[in-house]
There are 2 protein chains.
Amino acid sequence: MYTETPTTGTTAPVRASERAYRQLRGEILDGLLAPGTGLLEVEQAARIGVSRTPLRAAIARLIADGLVAGRTGRGFMVTEMSVDRIGELYEVRRALEEHAARIAAERRDPAVFEALRTQFLAAPELLRHGKAGLRRYYELIDEFDLALDVAVANPFLVGALAGVRTHLARIRRLARDNPDRLRSAAAEHLLIVDAVLAGDSSLAAHATHVHLHQSLTSVLATLRGSSAVPADPSPPPR
Amino acid sequence: MYTETPTTGTTAPVRASERAYRQLRGEILDGLLAPGTGLLEVEQAARIGVSRTPLRAAIARLIADGLVAGRTGRGFMVTEMSVDRIGELYEVRRALEEHAARIAAERRDPAVFEALRTQFLAAPELLRHGKAGLRRYYELIDEFDLALDVAVANPFLVGALAGVRTHLARIRRLARDNPDRLRSAAAEHLLIVDAVLAGDSSLAAHATHVHLHQSLTSVLATLRGSSAVPADPSPPPR
DNA sequence: CATGTGATTTGTGTATACAGAAACCCCAAC
DNA sequence: GTTGGGGTTTCTGTATACACAAATCACATG
């Protein structure tokens, strides 16, 4: 089924299953598809504009991601995200990121982390520039994560971290960070970068621990205020 | 309404996709489908006796498991397992299992680990009883893993550990443990159990570190002897 | 003899039709 | 009013047919 007009060459052959996956994943991460939402194959296939076959492939990937759970009887369900679940996620995140920081300190490319250091030094200034500055800040975090991935150079570890970050994106959406917290976070990141740069693996790991502790504390405090997330709603995923 | 079920009860409605998944996964873990083997949908579907649709669902799950890699043009491929890859796997394993041991020491049910302790004490004796004893020993390891999973009570962490253990099963098959190593391993496990039992989370983590170090050393030594695994054959998975 | 180009083959990606099973609903019986 | 049962509906699971893309091979040409 080709609805594409034969324009100038670059007709990227995006598979229907890929489109469905990206759209559903995006909608789940953005909260458009609320946790607990029951979804039906036919209905979603029609909505997205693909047939059931590629849609099922997309669902399979989302289940592997832990974003949706197969429902025993009817359809499938967007997984819930409770306070308990957030705590558990951070537990795994600590294990993986502390280890990653430790390894990165041993294997890092100094030039990359020098560049990051400069940028994190400028971050507080960045946060005074409204929405654009905020977006730039989040890009910086992404660069930091990427630099860590490259430094650890371990596909298994990087893959596990990617899984954690997926769920983290959902949480970040719920707990809109306030500027004060972001300024502190930048300082914490700076310390991690410095430790990695100095090759101090122990400090890198412990600084990561501190950062994640502060992050979790902040998230939980925000959620306690808004109560946008149930305390303990559902059985665990998978 | 009763559809004619002449046999006694257990007519489990096993989905075709589930059968295909289990068979392929089993064959990969057992090494019947060697790493690097190129597989074709039609050919595998015919072999297993299902149509392409459920087979593709099975493949999707195997890709998520990291056991097969997406196609490079034609078909899909059983992922390779090099010495480098084994080292990387153990790196993640250390991160997760050390953390799990630490947590387990804080949340464990003493009765469960008391029972494990008794069994690990008897393990050396077990290993003198040939093949049956060996199987029992591996069952004991499984029980230990399960006890840890229950103790940590964290779906994310347990899920990540399950992923690691999947790949570990492939390695274990390559590096047939020798009795001496197993006896040492039993002693190392005993120390971990003792630490968990005592609620000594630091010792539990460090004893796990020691155990994994010895395990990796032994695996690498075995492989260096047999050279059943390439040194650095392929691009990383995913 | 090497190399480029076109036809053929082969395999995946997608749509759709069909069958079985589970949930829903209505109605009757207690 | 509640509960149990049977019919209906609806959705998933599977098979299959078709379309497009890529790799292979043959053949011609330099």
Side-chain angles (χ1 to χ4, degrees), chain A residues 1-25 33 36-64 67-79 235 237-238, chain B residues 1-7 9-25 33 36-64 67-79 237-238:
Chain A
M1 183 182 74
Y2 266 36
T3 53
E4 299 294 332
T5 50
T7 55
T8 59
T10 57
T11 311
V14 193
R15 293 192 295 271
S17 63
E18 185 68 23
R19 276 197 300 124
Y21 173 71
R22 293 209 189 131
Q23 177 167 346
L24 285 172
R25 181 189 161 97
L33 291 177
T37 307
L39 265 35
L40 268 42
E41 286 185 10
V42 279
E43 138 195 325
Q44 292 305 311
R47 186 173 70 87
I48 299 184
V50 300
S51 84
R52 281 181 56 215
T53 309
L55 183 94
R56 290 184 67 136
I59 300 296
R61 291 176 65 183
L62 292 170
I63 290 177
L67 290 177
V68 313
R71 236 174 15 177
T72 52
R74 216 76 150 184
F76 49 94
M77 197 181 81
V78 180
T79 51
R238 300 201 182 181
Chain B
M1 183 172 65
Y2 281 27
T3 52
E4 67 286 350
T5 317
T7 58
T10 59
T11 311
V14 195
R15 293 190 297 268
S17 63
E18 184 68 23
R19 276 195 301 121
Y21 173 72
R22 293 207 188 135
Q23 177 167 346
L24 285 173
R25 181 188 161 98
L33 292 176
T37 307
L39 267 34
L40 267 45
E41 286 185 11
V42 279
E43 135 194 328
Q44 292 305 311
R47 187 174 68 87
I48 299 184
V50 301
S51 84
R52 280 181 57 215
T53 310
L55 183 93
R56 290 187 66 141
I59 299 296
R61 290 175 65 183
L62 291 171
I63 290 176
L67 290 177
V68 314
R71 53 222 68 202
T72 59
R74 214 74 152 187
F76 48 94
M77 198 181 80
V78 180
T79 51
R238 300 199 184 181

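Side chains included, hydrogens not; waters and symmetry mates left out as well; all remaining heavy atoms used. In the text below, chain A, chain B and the rest are named by the order of the sequence lines, each starting its count at 1.
In this structure, B:Leu55 CG and B:Leu24 CG are separated by 6.0 Å, a value rounded to the nearest 0.5 Å.
Rounded to whole angstrom, the span from the CE atom of A:Met77 across to the P atom of D:dT12 amounts to 15 Å. With rounding to whole Å, A:Gln44 atom CD is found 12 Å from D:dC11 atom P. Taking atom CD1 of A:Ile48 as the reference point, atom P of C:dA15 lies 12 Å away to the nearest angstrom. Remark: C1' of C:dA23 and CZ of A:Phe76 are 18 Å apart, rounded to the nearest angstrom. For the pair B:Glu41 CD and D:dA22 P, the computed distance is 16 Å after rounding to whole Å. Going from atom CG of B:Leu40 over to atom P of C:dT9 covers 17 Å, rounded to whole Å. Atom C1' of nucleotide D:dA21 and atom CZ of A:Arg15 are separated by 12 Å, given to the nearest angstrom. What separates CG of A:Leu55 from C1' of D:dG13 is a distance of 14 Å, to the nearest Å.
In this structure the side chain of B:Ile59 reaches within 4.5 angstrom of the side chain of B:Phe76, judged on heavy atoms.
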Take B:Arg61 and B:Glu18 through the test salt bridge (Lys or Arg N to Asp or Glu O under 4.0 Å) and record every step on the way to the result. CA-CA 10 Å; B:Arg61 290 175 65 183; B:Glu18 184 68 23; 2.8 Å; yes
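Set against D:dT14, C:dG11, C:dT16, the side chain of B:Ser51 has D:dT14 as its closest nucleotide. Considering only the side chain of B:Ala16, D:dT14 comes nearest among D:dT14, C:dG13, C:dT16.
Classification of A:Glu43 and A:Arg47 as a salt-bridged pair fails, no side-chain N sitting under 4.0 Å from a carboxylate O.
Between A:Arg56 and the phosphate of D:dG13, there is a side-chain N or O to OP1/OP2 separation shorter than 4.0 Å. Contact between the side-chain N/O atoms of A:Thr53 and the OP1/OP2 oxygens of C:dT14 is not found at any separation under 4.0 Å.
Side-chain N/O atoms of B:Arg52 and base N/O atoms of C:dG13 include a donor-acceptor pair closer than 3.5 Å.
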